[in-house]
Participant: 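Would you mind keeping the following structure in view while I ask a few things?
So you know, we letter chains A, B, ... as the sequences are listed, proteins then strands, and number each from 1.
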Amino acid sequence: MSEVAVVGVGQTAFTRSCGVTIKELCFEAFKEALEDCNLYPKEIEASLICSAPEYDKQRSPAGAIVEYLGLNPQPTTYVENICASGTTGVRLAYSLIKSGLHDIVAVIGFQKMSELTSREAQERMGRGADIMWDSPFGLTMPAGYALYARMHMKTYGTTEEQMAEVKVKSSKYAVLNPKAMFQREVSLEEVLTSRVISSPLKFYDCSANADGASCVILASAEKARKITDTPVWIVGIGSASEPLSMANRTSFVGLNCAVEAARQAYKMAGIEPKDVDVAEVHDCFTIAEIMAYENLGFCNPGEGGKLVQEGQTYIDGDFPVNIDGGLLGKGHPIGATGGSQVRTIVMQLRGDAGRLQVKRAEIGLVHNIGGIGLYGNVLIFRR
Amino acid sequence: MSEVAVVGVGQTAFTRSCGVTIKELCFEAFKEALEDCNLYPKEIEASLICSAPEYDKQRSPAGAIVEYLGLNPQPTTYVENICASGTTGVRLAYSLIKSGLHDIVAVIGFQKMSELTSREAQERMGRGADIMWDSPFGLTMPAGYALYARMHMKTYGTTEEQMAEVKVKSSKYAVLNPKAMFQREVSLEEVLTSRVISSPLKFYDCSANADGASCVILASAEKARKITDTPVWIVGIGSASEPLSMANRTSFVGLNCAVEAARQAYKMAGIEPKDVDVAEVHDCFTIAEIMAYENLGFCNPGEGGKLVQEGQTYIDGDFPVNIDGGLLGKGHPIGATGGSQVRTIVMQLRGDAGRLQVKRAEIGLVHNIGGIGLYGNVLIFRR
Amino acid sequence: MGFEKFGKISYIRETKVAPFVDYLEQGKVMATRCRSCGKMYFPPRMDCEQCMTSDNMEWKEIVNEWKILTYTVSEFAPTGFEDDVPYILAIAESAEGLRVFTRLSKDVKEEQLQSDMKFKLAPVRLPDGKITYELQPLEEG
Amino acid sequence: MGFEKFGKISYIRETKVAPFVDYLEQGKVMATRCRSCGKMYFPPRMDCEQCMTSDNMEWKEIVNEWKILTYTVSEFAPTGFEDDVPYILAIAESAEGLRVFTRLSKDVKEEQLQSDMKFKLAPVRLPDGKITYELQPLEEG
Ligand SMILES: [Zn+2]
Ligand SMILES: [Zn+2]
């Protein structure tokens, strides 16, 4: 029997530029999550604040944010695994509750990427790789995933059309998600003819920077049942890491950290991939979603391209994936992304996903990756 | 019965300039901790990497460090509460173990402050305060603690001599600690006549930037008993926060976050302040140690100055505090500090502190503060 | 936009309370007050942590009479503030119980600081056109 | 000190493996090998993660024959590298099983890349005096 549940979720719209401070941005997501479960700030016993720190001038943003949210004197901790920070926050919140230290914990993820100029942001990107052996050559996030994409194509015959299909699917659902940044359906042709960023990845193969915040409130079983009639239980948690330096990696056809995190999560939940009714995967690039299908066991290695091309990951397929637009459709405000994925799965399992509702969704999965396959978190939820 | 123990500790020497990468620096502390408990990297199930991120060019240093330490594919998380990051790592490691997610977890804290030029470091300091309402006026760490020092003097009659006594005590023990940066005893006169940094705090009232790393390895009870004959149990954990902005604080004679964290830790451990046999407190400034005595209940509010002046916090006093030199004597490599404090207490409770050994040390306490009283962690250990 | 005009170095450009700077330029130091629950905020904010209402605040003038709680003479400054040393930083409390962290006017000498001395928070135009506030002695009467 | 000479932009100055750059200046691309357990490291390091021995490494020349595993043509660069685009980044594997991430020589065109083509890792002096390495076609024979 699982003993920690998600009781409240909130998210701001993801936008190109939010125009407010990170404190004000987080307040909006936190307020929505509190209203979702009828709690007040004083009832939150601890918080985890998740983001990538290089985008803010405020050092130790956790202190600034919890003050603004009315979360003093409760403890808070800043947590970072780059793009996987949000689900790491959920993993730690789970452990803080399960360990008996706290009963109700809030996980707040945010990023205001518009805070920096484009030049400043590109400079940060250069330092996201191994600064000793990889950054001196000009490695970027798209280039890193492009190395995987080329290897996947070479090894399995995956095509640029199959990758483009991922973006087509994302844009289809993003237009039905009012909190998504990208509000226009794009065609296969548009994806394939967009300008090359790092071959074989093109403009529409890449997710976009965004501003946004998300909030997930977790509670112990006893508290959860008092707070809500629709707790969503965390039944599986997996987490793993991969060498940062490209030279020390053993595979370029999939993310080892995702495979390992998935193995742990399935084992803890006592389920198999086929039991997953709805999933959110980390599609920072189109190839990343295709590898996610394979690394999560939704198909065999090499069959990911076919899976999306055959429509199996659409809302009515065998494995509905990113039925909220994903990172490609919603935008990718680094620290807020994991919490947004959890929010979507929680709404799906509650049956509150509206026009994006997947039928008979009882088991949901979140796959959240940090860096170029550097950190992998997989969470499994059950209603 | 407590269920999580510290089984291994390690620390580099704290120095003005280490001359190696942060990966190489962390390796040294990790290696010492592994040798302390006869474990290999593959036996470490998860790690928490603790520091303040503004000092490094490497983004997401956790990924770079765990690769170097041989800790892939195990999960890792970067954790930040500024100067309290290390004990936050221990608190989260405790929860990861107690929750059943992991059995053996390493907490690695580090800082290479020599990485930046003095000008760059001063720029970071400016952004450590509330950048909206406090930084625009030129607030620094010493100035923040100076505001508390002046209020303490005005309210209780605490004197500059009493503050200076803290530094005299620290230097006395630092010269007996080979890992301490400051290897010279200083006199009361020297402290009192050193140049003013931010009145009433003078040069010798302030701890110094340093390079260093520390490592604490924790294990579940079952594993701990197999690993070592001298496990040191974590029996109390408290953690709290205070508003970042100076205007929203309610007290300037003590740190609210320390009082609240101590209350929680004592309650969990089922002990009173007088039961503490040896303590490490966060003496980033001399006034901070005096407030710590009071906030931890070693004496009444306002009596901290007298406590040190009467010798009660020396090795043979009623409350031996910082019998390793403290931050004032060891140097203060932000992310490494908390782990160094834990290491000292663990060595004391094992009876391995050599010339710095406190007699009959059975219960030890660590008090670790982040920022200008922004975050407070109190940990209680028992042999 | 707008907040980058605040302070010798302002690290923030965009905030819901940017009008605070406009008021400052009109010579007014303003707080905000929640229309839903009545809570007053200084420094100002647009989100109420007490009743969790957003954007339902009104701007409100403060009672501009302050006493110093504690201060320090800073001989050491962050990058960008070096030319200002020494400067006095203080926490002050207002007649209506608000608190502020700010600088004291350079005209005030440390020797003058007495516990019953009263101050006002006054806008100060900086040489480069930016604006800030500082504590200045309050003229009695 | 010493490592700041490595790469177009080097973010690191101080490391135990700074001699790698000195070897590079002598035309040699070197790995390290643990004297305790024999494990070979490329990129080089001075601490052995296998047997946890520190500073007991020897410098060792590599078998300089590489094949490309995967590559990308980068049309987009981080700050400081803008002038270089487009550039080809690649992962290559050596005859003795080491791997490297680096750039391909500008002389190599994407069309030339075939799976059986062999490369060598060669030091390259940059205009400002810094040094790096890149993959260049290996002359047969
Ligand atoms: Zn209100
Ligand atoms: Zn070895």
Participant: For chain A, which of D/A77, D/S10, D/P44 has the most heavy-atom pairs under 4.5 Å?
Facilitator: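 Looking at each of D/A77, D/S10, D/P44 in turn, D/P44 comes out on top.
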Participant: Which answer fits D/T132, side chain, backbone, both or neither, if we ask what part of it has an atom under 4.5 Å from a heavy atom of chain A?
Facilitator: side chain
Participant: Please look at D/V73 and chain A and tell me whether the side chain, the backbone, both or neither of the residue comes under 4.5 angstrom of a heavy atom of that chain.
Facilitator: both
Participant: Give a yes or no on whether a salt bridge exists between A/R16 and A/D211, defined as a side-chain N under 4.0 angstrom from a carboxylate O.
Facilitator: no
Participant: Please list all pairs meeting side-chain hydrogen bond (donor to acceptor under 3.5 Å, both in side chains) that have one or both residues in residues 131-146 of chain A, counting only residues at least two apart or in different chains.
Facilitator: none
Participant: Chain D heavy atoms under 4.5 Å from A/R249: which part of the residue, side chain, backbone, both or neither?
Facilitator: backbone
Participant: Would you mind telling me which of A/R119, A/R150, A/M246 has the largest number of heavy-atom pairs within less than 4.5 Å of chain D?
Facilitator: A/R150
Participant: Charged N to carboxylate O below 4.0 Å: is that the case for D/D84 and D/K106?
Facilitator: no
Participant: At their closest point, which heavy atom of A/A336 faces which heavy atom of A/G212, and how far apart are they?
Facilitator: CB-O, 3.5 Å
Participant: Enter the distance from D/L104:CG to D/Y87:OH here, rounded to the nearest 0.5 Å.
Facilitator: 13.5 Å
Participant: Is it true that atom CZ of A/R195 has more than 12 heavy atoms of other residues, nucleotides or ligands lying nearer than 6.0 Å?
Facilitator: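 No, because the 6.0 Å sphere around CZ of A/R195 holds 12 heavy atoms or fewer from other groups.
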Participant: Go through the atoms of A/L201 and report whether side chain, backbone, both or neither lie under 4.5 Å from a heavy atom of chain D.
Facilitator: neither
Participant: At a 4.5 Å cut-off on heavy atoms, which part of D/E134 comes close to chain A: side chain, backbone, both, or neither?
Facilitator: neither
Participant: May I ask you to name which of A/L139, A/T155, A/N248, A/V196 has the most heavy-atom pairs under 4.5 Å with chain D?
Facilitator: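 If we count pairs closer than 4.5 Å to chain D, A/L139 comes out on top.
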Participant: Check whether D/L126 gets within reach of chain A through its side chain, its backbone, both or neither, counting any heavy atom under 4.5 Å.
Facilitator: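 Contact with chain A involves no heavy atom of D/L126 at all.
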Participant: Let me see the working for D/Y133 and A/F137 under ring pair (Phe, Tyr, Trp, His ring centres under 6.0 Å), right down to the final yes or no.
Facilitator: CA-CA 9 Å; D/Y133 52 71; A/F137 298 97; 5.2 Å; yes
Participant: Is it the backbone or the side chain of D/E110 that comes under 4.5 Å from a heavy atom of chain A, or both, or neither?
Facilitator: side chain
Participant: With a 4.5 angstrom heavy-atom cut-off, could you sort out which part of D/F81 is near chain A: side chain, backbone, both or neither?
Facilitator: side chain
Participant: Could you have a look at A/M132, A/M153, A/E120, A/K154 and say which one has the most heavy-atom pairs with chain D under 4.5 angstrom?
Facilitator: A/M132
Participant: Based on non-hydrogen pairs under 4.5 Å, which of D/L69, D/V85, D/T15 is most in contact with chain A?
Facilitator: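 So the answer, after comparing D/L69, D/V85, D/T15, is D/L69.
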Participant: Could you report the tightest heavy-atom contact between D/I131 and D/L24, atom names first, then the distance?
Facilitator: CD1-O, 3.7 Å
Participant: Please find the pair of heavy atoms, one from D/T72 and one from A/A143, that lie closest to each other, and give the distance.
Facilitator: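 Looks like CG2-O, 3.7 Å.
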